[in-house]
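Counting starts at 1 for both ligands and their atoms, following the listed order. These numbers come from a predicted model, not from an experiment. Sequence positions, counted from 1, serve as the residue numbers for this chain.
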Amino acid sequence: MIERKILLNPGPATTTDTVKMAQVVPDICPREAEFGKVMRELGQGLLQIVHAAPEKYSCVLFCGSGTLMVEACVTSLVPAGKKILFLNNGSYTSRAVEIAEACSVPYVELELPIDRPADLAKVEQALEADEDISAVYITHQETGTGLLNPIREIGRLAHEHGAWMVADTISTLAMRPIDIERDNLDFCMSSAQKGIQAMTGLSFVIGRTDYVRASQAFPRHSYYSNIYLQYESFERSGQMRFTPPVQAIYAARQALQEYLAEGEAGKWQRHEQTMEAIHEGLAELGFREVLPREYQSGLVAAVRYPDDAHWDFEQVHDYCYARGFTIYPGKMQQLGTFRLCALGAITAADIERFFVIFREALEHIGVSVPVH
Ligand SMILES: *Cc1c(COP(=O)(O)O)cnc(C)c1O
């Protein structure tokens, strides 16, 4: 038995024991055909999560955290003389902009308010203002705030303007239902430690195969994270270009089976119930969330600090952590916030147990409940 911890941080998420144990395998050289087969089956299985037809889309695996997939997309998918348009309403797209800056990728940034979904009229204006935009980039859920962006509508605008649509779906894929074609995405990405509830170290991009192939001719702004090179190498040799995260891949294979057994609708319903329990618990204690419900992803609650001299996030964190629950600081400039997330192999019942401990923590440090 492995002690069960409830992670309410935005990934890595709580995993099942069966996923943890799937990592314990005989040593294998990842250059063996047997392991190539495991990777190929995993890549094909991951396509199913976003209903991507294997004739049209490919899944490209990388060894690295989710940010490597952001870097892969930003540095691999812009042809010479063209630009990528960032629709920025949160810290994760800001990170993508920093990557473009660091890797000298030509870009345009549309800065948008961080407390509401991207405004379609402004997106359209930005697309019309610059004919050199060949890709539009947005973060589906800005995990710092829990804000959900309208990818389907933005994807439609991108396509109307002849641009590829790239979405950071790292904190939504395998949780909120996504249909790559219907949602007008050309590339989307994720990391094994988030929606599929597996281990850190494995990440992946799912995208249109014809576009991946076309990108062979594009300038390469990175070496390790180039999508075409990784794709081509795997197609040719059945191997990742560089050492894959072997054990994380076995765990991901198990996690994918568990995902498919739970089913897209069933899993989303579990996350919704978990988040509902979070909303209820917060409201009962008098806490205020930063965003109105209609803008929220349903996976992350960003919560304002109470107005109480005794409040101390670190102390509350430590009290809860010692009892098996991990809470997480917020990511909003100038606003004191913390986050409670519904990712991972957890249920509403875990949240109910959490709020017993959380209330105790508040009482322990002298914060009066309900809070103000
Ligand atoms: C978690 C996350 C990432 C990747 O973070 P890593 O720490 O590199 O795994 C990227 N984008 C979003 C929206 C995320 O939630």
Would you mind running through ligand 1 and noting each atom that sits below 4.0 Å from a heavy atom of G66? 4 (C), 6 (P), 8 (O), 9 (O)

Would you say Q141 contacts ligand 1, with heavy atoms under 4.0 Å as the rule? yes

Of all protein heavy atoms, the one nearest atom 15 (O) of ligand 1 is T143 OG1, 2.6 Å

Under 4.0 Å to a heavy atom of Q193 - the qualifying atoms of ligand 1, by number: 9 (O)

Stepwise, does the salt bridge (Lys or Arg N to Asp or Glu O under 4.0 Å) test hold for D17 with K20? CA-CA 5 Å; D17 284 358; K20 291 183 191 78; 3.4 Å; yes

Starting from atom 10 (C) of ligand 1, what is the nearest protein heavy atom, named by residue and atom, and what distance separates them? I170 CD1, 3.3 Å

Protein heavy atom at shortest distance from atom 11 (N) of ligand 1: D168 OD2, 2.6 Å

Quick check: does any side chain N or O of R156 sit under 3.5 Å from a backbone N or O of N184, one acting as donor and the other as acceptor? no

May I ask you to check if ligand 1 and T67 share an N or O to N or O distance below 3.5 Å? yes

Where is the nearest protein heavy atom to atom 2 (C) of ligand 1: which residue, which atom, and how far? K194 NZ, 2.5 Å

Ring centres under 6.0 angstrom apart (F325, F355): no

If the contact criterion is a heavy-atom separation under 4.0 Å, does R95 count as touching ligand 1? yes

Evaluation steps, ring pair (Phe, Tyr, Trp, His ring centres under 6.0 Å), between Y137 and F187: CA-CA 9 Å; Y137 181 102; F187 289 88; over 10 Å; no

Find all atoms of ligand 1 within a distance of less than 4.0 Å from any non-hydrogen atom belonging to T139, and give their numbers and elements. 13 (C)

Is it true that M69 lies under 4.0 Å from ligand 1, counting heavy atoms only? no

Would you check if the side chain of Q230 reaches a backbone N or O of L61 as a donor-acceptor pair within less than 3.5 Å? yes

Please check if any side-chain donor atom of Q141 sits under 3.5 Å from a side-chain acceptor atom of Y92, or the reverse. no

Can you see whether T347 engages Q273 through a side-chain donor-acceptor pair at a distance of less than 3.5 angstrom? no

Main-chain N/O of L173 paired to K194 side chain as donor or acceptor, under 3.5 Å: no

From the candidates S171, P10, S65, the one that places a heavy atom nearest atom 6 (P) of ligand 1: S65

